[in-house]
**Student:** 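This is the structure I have questions about; it appears just below.
Order of appearance sets the numbers: ligands from 1, and atoms from 1 within every ligand. Starting from 1, each residue takes its place in the sequence as its number.
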Amino acid sequence: MSAGILVLVEHLKGAVADITFEMLGAARQLAQASQAPVHAVLVGKDVAGLAAQLGAADAVIVVEDAAAELPSTELVLAVLRQLLEQKQAGLVLLGGTNVSFGLGVRLAARAKLPFVNFCKGLRWDNRALVCTSQLFGGKILSDVRLPDGRGVISIYPGSFPADAGKSDKTPPVERLAAPAVQSKVVFRQLLEPAAGDVDITKQRVLVGVGRGIQSRDHVQLAEELAAALGGAVCASRPVIDQGWLPLSRQVGKSGLTVKPRVYLALGISGAPEHWEGMQNSECIIAINTDPRAPIFDGAHFGVVGDVLELLPLLTEKVKARKT
Ligand SMILES: Cc1cc2nc3c(=O)[nH]c(=O)nc-3n(C[C@H](O)[C@H](O)[C@H](O)COP(=O)(O)OP(=O)(O)OC[C@H]3O[C@@H](n4cnc5c(N)ncnc54)[C@H](O)[C@@H]3O)c2cc1C
């Protein structure tokens with residue numbers, strides 16, 4: 001049997017994050033070929049109840065700590081290091097998210113394992129694990145070979161199907177006492193998006209606006225189309241920087257990663273930093289006045305035209321269809 005796989009469970013306010021299921025699905029697939037056991041590692045305050053959702057793992061290891069409302073990096077590092085030894089694990093999957101950034105490199109250095117960042121694909125090649133990483137905002141895909149399949153891998157969100165990591169099975173649960181750690185970082189407060197704002201990562205339809213929308217007043221045109229389609233408006237960074245929409249609507253490298261059924265890119269050039277955050281949308285429709293705009297290289301459908309002219313017409317058509 002090959003060395004086991006540890007998957008660090010990400011959760012917030014009593015809900016398991018999608019990235020966890022993506023990682024469990026990827027781990028399951030790897031385990032199929034290697035026969036390695038998959039352990040989900042659940043660390044936090046009063047988190048044991050979440051274990052029931054992690055049936056895709058062979059076992060869930062629960063580490064509860066009353067002080068770990070948001071577990072500190074030091075605590076998670078200590079837990080993972082202990083488990084690497086105890087479970088004779090060789091592979092650790094972490095989410096490439098704000099929660100786990102900074103964890104992977106430190107774990108890899110301390111455990112003397114290689115670290116792979118921005119991983120979007122995993123496959124066995126005999127005993128070697130080949131990890132495909134996305135570099136330079138998606139311009140380059142690079143294969144990194146881990147000869148003995150051991151390493152710490154940070155998974156790029158949205159790269160693996162979350163459904164593959166969901167199961168109705170009840171996994172066995174093991175408890176581990178929280179190791180005593182001296183953390184220099186203390187959790188103080190969770191800052192949430194302004195009340196009443198939508199979560200763009202959960203929308204089926206997104207109307208994305210870029211600098212081509214030209215003014216704050218025109219954003220209303222996109223709001224009307226989004227309302228007609230039953231979706232929400234999001235934006236590229238320049239629109240957010242101008243203050244035309246709140247930060248919670250930013251898509252891209254320094255914003256959120258979205259994966260709606262339909263993403264309308266209106267007056268968005270398709271810079272790698274934006275593309276990175278919406279490239280996994282099921283259907284991308286771009287409208288841009290510039291036929292050479294990079295967004296057209298990846299969009300499924302494209303219209304060369306003026307968004308300010310087309311937006312009201314589109315809204316009218318959608319409303320007419322509905323009635
Ligand atoms: C470290 C870093 C992080 C970044 N993070 C992000 C991020 O998270 N998200 C993000 O979006 N960007 C991010 N950026 C910025 C990114 O590089 C681009 O500058 C940005 O995405 C461009 O936004 P845009 O497409 O709206 O604007 P532009 O690139 O200026 O494109 C505007 C487009 O609108 C078209 N247009 C103009 N008028 C019309 C019209 N009337 N009708 C139709 N089309 C029209 C133009 O042809 C053009 O293609 C980041 C950059 C860096 C360096």
**Student:** If a pair satisfies side chain to side chain donor-acceptor pair (under 3.5 Å) and one of its residues is in residues 174-191, list it, with sequence neighbours excluded.
**Tutor:**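 Residue pairs passing side chain to side chain donor-acceptor pair (under 3.5 Å), neighbours aside: Glu64-Arg175, Lys87-Glu174.
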**Student:** Suppose the criterion is side chain to side chain donor-acceptor pair (under 3.5 Å): which pairs have a residue in residues 3-27, not counting sequence neighbours?
**Tutor:** Glu10-Thr97, Glu10-Ser100, Lys13-Glu192
**Student:** Is the CD atom of Gln220 crowded by more than 12 outside heavy atoms at less than 6.0 Å?
**Tutor:**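 Yes, enclosed.
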**Student:** Can you give the donor-acceptor pairs under 3.5 Å from side chains of residues 290-308 to other protein atoms, not counting sequence neighbours?
**Tutor:**
from	atom 1	to	atom 2	distance (Å)
Asp290	OD1	Arg292	N	2.8
His300	ND1	Ile284	N	2.8
Asp306	OD1	Leu308	N	2.8

**Student:** Would you please write out the protein residues whose heavy atoms approach any atom of ligand 1 to under 4.0 angstrom, listed by chain and number?
**Tutor:**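 Residues near ligand 1: Gly210, Arg211, Gly212, Gln214, Ser236, Arg237, Pro238, Gln250, Val251, Gly252, Lys253, Ser254, Gly255, Gly267, Ile268, Ser269, Ala271, Glu273, His274, Asn288, Thr289, Asp290, Gly305, Asp306, Val307.
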**Student:** Determine the interplanar angle of the Phe101 and Phe118 rings, folded into 0 to 90°, and report it as parallel if under 30°, tilted if 30 to 60°, perpendicular if over 60°.
**Tutor:**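 Answer is perpendicular, since the angle exceeds 60°.
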**Student:** Should we say atom CZ of Arg204 is surrounded by more than 12 heavy atoms from elsewhere, each under 6.0 Å from it?
**Tutor:** no
